[in-house]
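See below for the structure under consideration.
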Amino acid sequence: MEAMPDNNAAATTKKPAPPPPASYGAKDITVLEGLDPVRKRPGMYIGSTGPSGLHHLVWELVDNSVDEAMAGYCTRIDVTLLADGGCQVADDGRGIPVDPHPQYKNKSAAEIALTMLHAGAKFGGGGYKVSGGLHGVGVSVVNALSARLVLEIDRDGKRHRMEFAKGGKPQGKLEVVGSSPRGRTGTTVAFWPDPTVFEETDFRGQTILERLQMMAFLNKGLEIRFRDQRSGHEQEVTFRYAGGIVDFARHLNSSKEALFKKVAYYEVAEHDQEVEIALQWNTGFYEGIHSFANGIATIEGGMHEEGFKKALTNVVNRYARAKGLVKEKDDNLLGEDIREGLTAIIAVRLRDPQFEGQTKAKLGNVSTRSLVERATNEKLGEWLEEHPTEARQIVNKAIQAARARSAARQARDLVRRKSALEGAGMPGKLADCSSKDPRESELFIVEGDSAGGPAIQARDPATQAILPIRGKILNVERARVDKMLKNAEIQALIGAIGAGLGEEFDAAKIRYHKVIILTDADVDGAHIRTLLLTFFFRQMQAMVNLGHVYVAQPPLFSTLVGKEKVYLKDDGAKAAFLVEHPNHKGDFDRMKGLGEMDWQELKTTTIDPSRRTLLQITVEEAAIADEVMSILMGEDVEMRKHFISTNANDVRFLDI
Ligand code: 0RA
């Protein structure tokens, strides 16, 4: 969908019948077409037909309702996962217009919005349009990819209803079916994703919950309710944050120790864009800058982050010198030292966001850089003057970070010298592949030296490399970079991937486009997997952003059918097997360790690309992932216990 600029139903339907302005030109003309293109190439519109694409359907509907909230007409959004597998999004906005569309006299505007693609549409132009550029593919796309969809609109005191069958085929016209309860207005869409389009149609409650929470943080005061009515998953959660991104910053820091209680907050609006920033420091060592443009996470950063960082460095140095905390003869504090332990939320809204970068998650608008820079120089400067105690704490922390940095540099030089001595810089334990083309090369990180042997036999040496990792690698959240780099397992991992780490990470040098974590299906295995993922999130986030990190899925069960051994990947697969084989008498003796499988078994179930299942790790909600990691790895033991006990059955919280 990134390739479809301006293809936004919210924008097109909001102003259904504007008189063309005098300057109405070819660029404003809307081309409407039917839904066939979406059915033919779903990936073009929603990215993929995997879990990520499936959830895009939900984001699309929620974004439309959020747009209505941003326009000031909607105060509450309800998202419900229905017991029968459908998903319903309801809002209390104005309701999609129900009157006949001027160009298509016998169709309502609502029917047009649900059955026509809007290519290059900017109805009427002008106005302050800030709806999402990334997900804004239109309700019609959701309709096209559904097996069934029901639209209900409360407007003008009447309840209207229209139903669509597979592929968005109208089943009759928009009809008045009754009156709206007590003057209610709003739009409700329930859809059932088409199982012939999607690889799987099960929504993940956790994924939706995380995103709804993020939307609630970014839209101060908006109430978003989530209800899961599916059997075995029942839950109800309401998000509403009166403090908006101030609450977001506090929330991200809640598992950490705050350097001080206050959150710095400022906002500035210009004619066609606005920025809101919340900052809080913690006593940790990592920086967490979470930026958003029109409610979309810009995980690759961009102009808003650049402007912020430049001004933050400038403003803190100016303050430190003015107060004599940094002496005339001293060097300036570096940006990275000032940002150590910083949690920052940067939320911009602008008319025409340019999304760039490898995952189209980098904001390219130059004017936003200067707005954020000016806002920070002025408003954060004032904040420091008004909060001298906190300002002094920020400066002191940066001074300490600068000292640690020089110690870390020495440690890093040590690692570099060491790998130079080991020939091509490849770690001794790595069984490398012969291909030098990263696009076809895979690296398996295998738990335990004992499983390493079978894995080496099971692999295709042309394209598959094996790196055995012993024991638990270092807990990266708690360790400073200097200590972490002294760890042998971490050194081997950095060496094998070959692209450096942290700020110096160079994506062009990545040696494998699939790095696959292969651990046992037990508690230790889960821990090692989490540690490795933490390492990637913290030190090689580009690997995750670019979709290079995967988790292998060795089968959980095996059973005998006659003489043939059958592997079943999880409880779901086991249940499906029992449905297909109602008379099956054999045992299922749960598979524990990789070590239990011989190399042929390992190959068929886990390593052979034509037969294995992999789980791709992405960070659409990098902000939330950061929090999960902090809880699991951080200092707060109680919080960790609570998290593990509430999420014990859902180790999938890190995927999609
Ligand atoms: C265009 C015009 C108006 C409302 C909407 C679109 C609208 C669309 C969606 C999609 C989901 N929820 C929505 N809520 C509203 C209203 C125009 C008017 O009343 O003047």
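Just so you know, ligand 1 is whichever comes first in the structure, and atom 1 is the first atom listed for that ligand. Index from 1, following the sequence.
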List ligand 1 atoms under 4.0 Å from Arg155, heavy atoms only on the residue side. 16 (C), 18 (C), 19 (O)

So, are Arg76 and Asp78 salt-bridged, with charged N and O less than 4.0 Å apart? yes

What do we get for Pro97 next to ligand 1 when only non-hydrogen atoms under 4.0 Å count, side chain, backbone, both or neither? side chain

By side-chain hydrogen bond (donor to acceptor under 3.5 Å, both in side chains), which residues pair with Ser180, not counting sequence neighbours? Asp154

Measure Glu60 to ligand 1 on non-hydrogen atoms and call it side chain, backbone, both or neither using the 4.0 Å cut-off. neither

If you measure from atom 4 (C) of ligand 1 to every heavy atom of Ala110, Gly95, Gly93, Ala109, which option wins on shortest distance? Gly95

Below 30° counts as parallel, above 60° as perpendicular, anything between as tilted: where do the rings of Phe217 and Phe248 land? parallel

Nearest non-hydrogen contact with atom 12 (N) of ligand 1 belongs to which option: Asn64, Asp91, Val89? Asp91

Thr187 neighbourhood, listing ligand 1 atoms whose heavy-atom distance to it stays under 4.0 Å: 12 (N), 13 (C), 14 (N)

Mind checking whether Trp59 and His55 have parallel, tilted or perpendicular rings, split at 30° and 60°? tilted

For Ala344, give me all partners under side chain to side chain contact (heavy atoms under 4.5 Å, CB included), at least two apart in sequence or on another chain. Leu279, Ile289, Phe308, Leu342

